[in-house]
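Below, read A as the first sequence line, B as the second, and so on, with proteins coming before strands; counting in each chain starts at 1.
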Amino acid sequence: NAGVTQTPKFQVLKTGQSMTLQCAQDMNHNSMYWYRQDPGMGLRLIYYSASEGTTDKGEVPNGYNVSRLNKREFSLRLESAAPSQTSVYFCASTERAGAYEQYFGPGTRLTVT
Amino acid sequence: GQQLNQSPQSMFIQEGEDVSMNCTSSSIFNTWLWYKQDPGEGPVLLIALYKAGELTSNGRLTAQFGITRKDSFLNISASIPSDVGIYFCAGPRVSGGSNYKLTFGKGTLLTVNP
């Protein structure tokens, strides 16, 4: 099992460009999450999907959209990237909503110039 | 809000030393989680605590769920170079129904000098 995979690992964007970060899990988990990690800020929740077909905002959703494509895949889209979105993005999954043990992917390091 | 305050922010220790770090909150948590993030990787769950007063070990790691339910402690004994990384505490926020989200502390950065 690969667990949680994320693509790409690194990305550089110019201000105003758009891109989609991909996440997939092969653990048959129901819930998936997107976080961003900034120095000294810990992990902040952007969006989550408690189950296939549902998505909800987290702490810092502005400037992002998500799609729960199927049970395995949960993508994060930046429509018009801004320098403030420079960060490391992590996808995570849990067996079910209400399960606290989250399994994280390796992250995508995004730089917006 | 349900913020988690971790201390210390960073630690520099010699290989073989013991390490202690803690996490506090002004709110009560019913579960405490400790994660470790290796450089360049995603966080990995180390220990989960579900009951006030609980003491749980995982190899050289020991974590305790504070009796007030507002704090938790993580100890690492006889540190080794591969203990280097960021240690996060986390706890669930109840946000309606069964859709629990985690609150994370800002992390303790551990450096081990060989």
Check: Between the side chains of Tyr33(A) and Tyr103(A), is a donor N or O closer than 3.5 angstrom to an acceptor N or O?
Finding: no
Margin query: Tell me which of these, Met41(A), Gln6(A), Glu101(A), has more heavy-atom pairs under 4.5 Å with chain B than the rest.
Written below: Glu101(A)
Check: Under 4.5 Å, heavy atom to heavy atom, which residues of residues 105-114 of chain B contact chain A?
Finding: Gly105(B), Lys106(B)
Margin query: So for Glu59(A), is it side chain, backbone, both, or neither that comes closer than 4.5 Å to the heavy atoms of chain B?
Written below: side chain
Item checked: Atom of His29(A), atom of Glu95(A) and distance for their closest heavy-atom approach -> CD2-CA, 3.5 Å
Margin query: Applying side chain to side chain contact (heavy atoms under 4.5 Å, CB included), can you list everything that pairs with Asn28(A), at least two apart in sequence or on another chain?
Written below: Lys71(A)
Checklist line | side-chain hydrogen bond (donor to acceptor under 3.5 Å, both in side chains) between Arg77(A) and Ser67(A), worked out | finding: CA-CA 8 Å; Arg77(A) 182 159 179 85; Ser67(A) 293; over 6 Å; no
Check: Which bit of Leu45(A) is near chain B, if near means a heavy-atom gap under 4.5 Å: side chain, backbone, both or neither?
Finding: side chain
Next item on the list: Would you kindly say whether Asn30(A) and Ser51(A) are connected by a side-chain donor-acceptor distance under 3.5 Å?
Entry: no
Notebook entry, point to check: Non-hydrogen atoms of chain B under 4.5 Å away: do they reach the side chain of Tyr35(A), the backbone, both or neither?
Noted result: side chain
Notebook entry, point to check: Is chain A contacted by the side chain of Gln9(B), its backbone, both, or neither, given a heavy-atom distance below 4.5 Å?
Noted result: neither
Next item on the list: Check the side chains of Gln37(A) and Gln37(B) for a donor-acceptor pair under 3.5 angstrom, ignoring hydrogens and angles.
Entry: yes
Checklist line | Residues Thr55(A) and Ser49(A): side-chain donor-acceptor under 3.5 angstrom | finding: no
Item checked: Within the 6.0 Å centroid threshold, strictly below: Tyr35(B) and Phe104(B) -> yes
